[in-house]
Amino acid sequence: MVDIQRDVPIKSALIEALVVMKIVKHCSSQFPTTATGSIVGMDSNGVLEITNAFPFPTIDVSTTDSHQNDASSLAAAAPRAKANIVYQNEMIKHLKEVNVDANNVGWYTSATMGNFINLSFVENQYHYQRENDKTVALVHDVSRSSQGALSLRAFKLSTEFMAAYKEAKFTTESLQKSKLTFKDIVVEVPIVVHNSHLLTSFLHQIPAPPDSAEIPLPASLDDIRRDPAKIPAHPSFDTLDLSIDPFLEKTCDLLLDSIEAHYTDLNNHQYYQRQLTREQFKITQWQTKRKAENAARVAAKQQPLPEDEWQRLFKLPQEPSRLEGMLNARQVEQYSKQVDGFTASITAKMFAVRGNLLPE
């Protein structure tokens with residue numbers, strides 16, 4: 001039974017509402033600096049139950065703009081830092097003493113405008129997933145959640161990418177052989193937010209505000225059954241706002257930056273190809289010349305010179321890793337999906353009021 005349980009892949013992540021509140025509070029308090037922490041729980045027949053979370057210790061860095069990137073980079077690398085690994089083990093030990101789930105099931109991090117797919121994210125998740133495949137990375141987008149819609153997603157590295165990252169070979173030849181693309185880097189796991197039965201019962205028992213100052217008392221139990229208490233619908237006029245989403249412009253700017261980084265990586269690879277072609281041409285010329293010399297020496301009954309001496313004289317340039325380009329392409333796809341989601345609702349509103357905007 002244990003072996004069968006171990007082989008069941010993760011189908012979804014069941015997160016307690018209290019864990020969601022802890023993650024949201026920690027990420028919001030550290031914004032715009034990256035916030036990271038650990039999550040604990042257990043795996044139950046393919047459902048990863050996340051029951052508790054705690055943040056990693058923050059490092060005291062000056063709050064000036066010149067040190068903001070340093071603080072973010074240190075916080076992003078916190079999950080795999082040796083001091084935090086010891087801290088995490090101690091916390092799990094204390095949680096076990098108070099009868100709380102003490103199984104590490106991953107980590108969480110904050111993001112801004114969906115910008116989280118980078119080398120640090122991959123290294124952190126690989127650090128957890130290489131020891132336990134039943135671990136995920138929770139990503140909370142503080143910018144999107146500030147508009148009232150919770151943005152919390154769970155990701156894990158694909159099996160193909162784990163094998164390629166273990167070999168640390170991201171050359172063109174290895175990628176063509178394994179057929180690994182930027183779409184195969186991370187796999188999203190569905191999330192379900194869970195409330196306890198006591199909390200659910202409490203929410204159902206919250207009394208609704210009365211419609212009028214005077215409430216007629218029911219004459220019998222049948223009156224209560226015929227007219228139960230109803231929660232009034234509160235109007236939300238924010239959905240009728242016709243202005244463009246405030247995050248659309250910023251997301252487009254980030255998308256352009258990612259595309260520029262993609263072209264920079266492409267130019268570096270093209271430069272490597274030109275260098276490789278130039279060196280190979282020199283090697284071919286040297287081999288042709290050496291073969292002609294050996295032919296003349298053989299005709300003169302002399303000892304021929306070694307033809308593999310070019311390996312010592314010439315050094316082929318090393319191909320740069322394609323990992324950064326793959327991550328950047330995956331981030332471009334993430335931004336593109338966000339832009340598509342932003343414009344979908346705005347376009348529908350524009351078509352709805354088109355008759356009033358156009359002159360008759």
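Just the heavy atoms: all of them, side chains too, but no hydrogens, waters or symmetry mates, feed the values below.
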What's the shortest heavy-atom distance between [X] and [Y], and which atoms?
X	Y	answer
S336	L255	OG-CD1, 4.0 Å
P190	K11	CD-O, 3.3 Å
A35	C27	CB-CA, 4.0 Å
Y165	V122	CE1-CG1, 3.9 Å
N328	A261	OD1-CB, 3.7 Å

| request: Please check if any side-chain donor atom of Q287 sits under 3.5 Å from a side-chain acceptor atom of R290, or the reverse. | output: no

[X] vs [Y] side-chain heavy atoms within contact, under 4.5 Å:
X	Y	value
R278	K282	yes
Q285	T288	no
I15	L138	yes
T159	D133	no
N52	L95	yes
T34	T109	yes
L14	I50	no
L150	H140	yes

| task | Check the angle between the aromatic planes of F121 and F155 and answer parallel, tilted or perpendicular using the 30° and 60° thresholds. | result | perpendicular

| request: Just say parallel, tilted or perpendicular for the rings of F54 and F56, cut-offs at 30° and 60°. | output: perpendicular

Are [Y] and [X] linked, directly or through intermediate hydrophobic residues, by side-chain heavy-atom contacts shorter than 4.5 Å (ILVMFWY only)?
X	Y	answer
Y126	L323	yes
M42	V19	no
L18	V47	no

| note | The complete set of ring-ring contact (aromatic ring centres under 6.0 Å, His included) pairs with one or both residues in residues 11-44, sequence neighbours excluded, reads H26-Y108

| request: Begin from the C-alpha positions of E90 and K93 and carry the test salt bridge (charged side-chain N to carboxylate O under 4.0 Å, His left out) through to its verdict. | output: CA-CA 5 Å; E90 288 293 325; K93 180 181 177 181; 5.0 Å; no

| field | Residues which pass side-chain contact (heavy atoms from CB on, under 4.5 Å) with S158, listed by chain and number, not counting sequence neighbours | value | E160, F161, D184, V187

| message | Walk me through whether V20 and L152 qualify under side-chain contact (heavy atoms from CB on, under 4.5 Å). | response | CA-CA 8 Å; V20 176; L152 185 65; 4.0 Å; yes

| task | Sort out for me which residue in M162, K156, R130 forms a side-chain contact (heavy atoms from CB on, under 4.5 Å) with Q125. | result | K156

| task | Check the pair I259 / Y263 against side-chain contact (heavy atoms from CB on, under 4.5 Å), numbers first and verdict last. | result | CA-CA 6 Å; I259 293 176; Y263 277 110; 3.5 Å; yes

| message | side-chain contact (heavy atoms from CB on, under 4.5 Å) for V189 and L48? Distances and angles first, verdict last. | response | CA-CA 10 Å; V189 180; L48 194 64; over 6 Å; no

| message | Under the rule for side chain to side chain donor-acceptor pair (under 3.5 Å), what residues qualify as partners of S258, not counting sequence neighbours? | response | none

